[in-house]
Amino acid sequence: SQTIHQWPATLVQPVGSPLSLECTVEGTSNPNLYWYRQAAGRGLQLLFYSVGIGQISSEVPQNLSASRPQDRQFILSSKKLLLSDSGFYLCASWGGGELFFGEGSRLTVL
Amino acid sequence: EDQVTQSPEALRLQEGESSSLNCSYTVSGLRGLFWYRQDPGKGPEFLFTLYSAGEEKEKERLKATLTKKESFLHITAPKPEDSATYLCAVQPNDYKLSFGAGTTVTVRA
């Protein structure tokens with residue numbers, strides 16, 4: 001099965017600062033990759049997905065962007081964070097009919 | 001637009017008190033319905049995938065069933081370690097999952 005690594009696990013950033021969250025996947029090749037955000041008490045909102053290197057689809061208009069520089073690497077970025085960007089960010093990878101999740105990155109914007 | 005509604009939002013059970021969680025959905029074409037368990041501060045953990053109405057799957061004290069409009073997750077004789085948030089998701093005609101808000105289950109000893 002797959003293993004998904006996310007870092008950092010926890011991040012506290014001021015409004016207006018940049019952001020970079022990284023995700024790497026082991027145990028598979030050419031996976032479909034996803035970034036989800038989970039706000040407190042709410043479901044998982046799909047932000048971006050990628051079917052291959054350099055191929056990014058955005059699900060909702062927002063202050064964030066995603067990149068996939070390598071087959072098993074997925075990065076979530078922002079140039080200037082907003083308070084509303086706070087949340088729990090989850091990277092996921094599709095494989096064997098199942099969506100595998102990483103342990104998440106908790107972002108607090110102050 | 002795909003919609004997934006889970007109820008209740010929260011469920012408090014006594015150890016051994018069986019209950020059911022509901023997931024109702026509207027989707028253009030269902031490839032699969034997924035159940036996940038999520039512990040606080042962790043990523044969701046896969047439990048089941050159901051593909052067609054009438055299908056049932058079991059794992060320990062959990063049993064998932066599927067109809068054309070909803071799915072149920074039955075918890076039989078729960079233990080405190082079953083306390084978690086249970087998420088339901090639908091897979092439409094591509095490789096994206098749309099999630100419900102979840103049901104938070106608390107089992108008291």
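Both backbone and side-chain heavy atoms feed into the values below; hydrogens, waters and symmetry mates do not.
- Linking ILVMFWY residues whenever their side-chain heavy atoms come closer than 4.5 Å, directly or via other members, leaves Val4(B) and Leu99(A) in distinct clusters.
- Hydrophobic clustering (ILVMFWY, side-chain heavy atoms < 4.5 Å, transitive): Ile53(A) and Tyr49(A) are in distinct clusters.
- When heavy atoms are compared at a cutoff of 4.5 Å, Gln6(A) does not approach chain B at all.
- Hydrophobic clustering (ILVMFWY, side-chain heavy atoms < 4.5 Å, transitive): Phe48(A) and Trp7(A) are in distinct clusters.
- For Leu46(A), the part sitting under 4.5 Å from any heavy atom of chain B is the side chain, from C-beta outward, and nothing else.
- In this structure, no portion of Gln45(A) lies under 4.5 Å from any heavy atom of chain B.
- In this structure the side chain of Pro44(B) reaches within 4.5 angstrom of the side chain of Leu44(A), judged on heavy atoms.
- Of the two parts of Leu90(A), only the side chain, counted from C-beta on, holds a non-hydrogen atom closer than 4.5 Å to a non-hydrogen atom of chain B.
- The shortest side-chain heavy-atom distance between Phe88(A) and Lys42(B) does not fall under the 4.5 Å cut-off.
- Within 6.0 Å of atom CD in Gln55(A), more than 12 heavy atoms from other residues, nucleotides or ligands are found, so the atom counts as buried in its surroundings.
- The aromatic ring centroids of Trp94(A) and Phe34(B) lie less than 6.0 Å from each other.
- For Tyr51(B), the part lying near chain A is the side chain, with the backbone staying farther off; criterion is any non-hydrogen pair under 4.5 Å.
- Contacts between Gln91(B) and chain A at a heavy-atom distance below 4.5 Å involve the side chain alone, from C-beta outward.
- No donor-acceptor pair closer than 3.5 Å links the side chain of Tyr34(A) to the backbone N or O of Leu97(B).
- You'll find the side chain of Phe101(A) stays beyond 4.5 Å of the side chain of Phe46(B), heavy atoms only.
- Proximity to chain A is absent for every atom of Gln6(B), based on heavy atoms less than 4.5 angstrom apart.
- Linking Ile, Leu, Val, Met, Phe, Trp and Tyr residues whenever their side-chain heavy atoms come within less than 4.5 Å places Leu76(A) and Leu81(A) in a single cluster.
- The most heavy-atom pairs under 4.5 Å with chain B, out of Glu98(A), Arg106(A), Glu59(A), Gln38(A), come from Glu98(A).
- Criterion: ILVMFWY side-chain heavy atoms under 4.5 Å apart, direct or through other members. Under it, Leu11(A) and Leu83(A) are part of a common hydrophobic cluster.
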